[in-house]
Amino acid sequence: QVEFVESGGGLVQPGGSLRLSCATSGFFFSNFDMAWYRQGKKERELIADITGAGRFTNYADSVKGRFTVSRDNSKNMLYLQMNSLKPEDTAMYYCKCKYCRNADWGQGTQVTVSS
């Protein structure tokens, strides 16, 4: 079955950095656009996505210039480098293939930005 396992979250001070990882299995990873989502006090939000070969990326305005999404297709891994973190980035972060509506969400990884 399709699975997503997020890791790398934690407690970080404002201005700090974290690198999230997403291990995937159960599908031909390189054929699929992938995305990072987060859910804090508002509805789940798509914050970054990347095309199958990693050529194109897009970001929500809230994270643009601070976050970088990347992937390693040889390892079926998705990453999110988060820099200049702000308290408003506090949320549960999830990864998922962008168009896999039938796949279950993973458990996510919690990011808390606080001094």
Backbone N/O of Ala103 and side chain of Lys96: donor-acceptor pair under 3.5 Å: yes
Interatomic distance, CG@Leu78 vs CD1@Ile50, rounded to 0.5 Å, equals 7.0 Å
> Between the main-chain N or O of Ser7 and the side-chain N or O of Ser21, is there a donor-acceptor pair closer than 3.5 Å?
Replying inline: no
Exercise for the section: Assess whether ring-ring contact (aromatic ring centres under 6.0 Å, His included) is satisfied between Phe67 and Trp36, documenting all intermediate values. Expected result: CA-CA 11 Å; Phe67 291 11; Trp36 284 98; 9.7 Å; no
Separation between CG (Leu20) and CZ (Arg38), nearest 0.5 Å, reads 11.0 Å
**Report entry** Ser114 and Leu11, any side-chain heavy atoms less than 4.5 Å apart
**Finding:** yes
Short question: side chain of Arg71, backbone of Gly54 - any donor-acceptor pair under 3.5 Å?
no
The reported gap from CG in Asn73 to CG in Asn31 (rounded to nearest 0.5 angstrom) is 9.0 Å
Do Val113 and Met82 share a hydrophobic cluster (ILVMFWY, side-chain heavy atoms under 4.5 Å, transitive)?
yes
Backbone N/O of Gly26 and side chain of Glu3: donor-acceptor pair under 3.5 Å = no
Smallest heavy-atom separation, Ala60 atom then Glu45 atom, equals CB-OE2, 3.9 Å
Taking a hydrophobic cluster as the set of Ile, Leu, Val, Met, Phe, Trp and Tyr residues connected by side-chain heavy atoms closer than 4.5 Å, whether directly or through intermediates, do Leu80 and Trp105 fall within one such cluster?
no
All heavy atoms of Arg66 vs all of Leu85, minimum pair found to be NH1-CA, 3.9 Å
Between Ser84 and Ser17 the two heavy atoms that sit nearest each other are N-OG, 4.3 Å
Nearest heavy-atom approach of Val2 to Phe27 is CG1-CD2, 3.8 Å
Here the gap from Tyr99 atom OH to Asp49 atom CG, rounded to the nearest 0.5 Å, amounts to 7.0 Å
For this session: For Asn58 and Lys64, run side-chain contact (heavy atoms from CB on, under 4.5 Å): C-alpha distance rounded to whole Å, both residues' side-chain angles, the deciding distance at 0.1 Å, then the answer.
Result: CA-CA 8 Å; Asn58 287 284; Lys64 192 172 297 181; over 6 Å; no
Q. Same hydrophobic cluster for Tyr79 and Leu46, using side-chain heavy-atom links shorter than 4.5 Å among ILVMFWY?
A. no
Check: When you check the gap from the basic side-chain N to the acidic O, do Asp89 and Lys86 get nearer than 4.0 Å?
Finding: no
Any donor-acceptor pair under 3.5 Å from Thr51 side chain to Phe56 backbone: yes
dist Met77:CE -> Asp72:CG (nearest 0.5 Å) comes out at 8.0 Å
In this structure, CZ of Phe29 is separated from NZ of Lys75 (nearest 0.5 Å) by 12.0 Å
Checklist entry - When hydrophobic residues are tied together by side-chain contacts of less than 4.5 Å, even through go-betweens, does Tyr94 share a cluster with Val69? => result no
- Query: Under a 4.5 Å cut-off applied to non-hydrogen side-chain atoms, are Asp104 and Gln1 in contact?
  - Reply: no
Same hydrophobic cluster for Val63 and Val111, using side-chain heavy-atom links shorter than 4.5 Å among ILVMFWY? yes
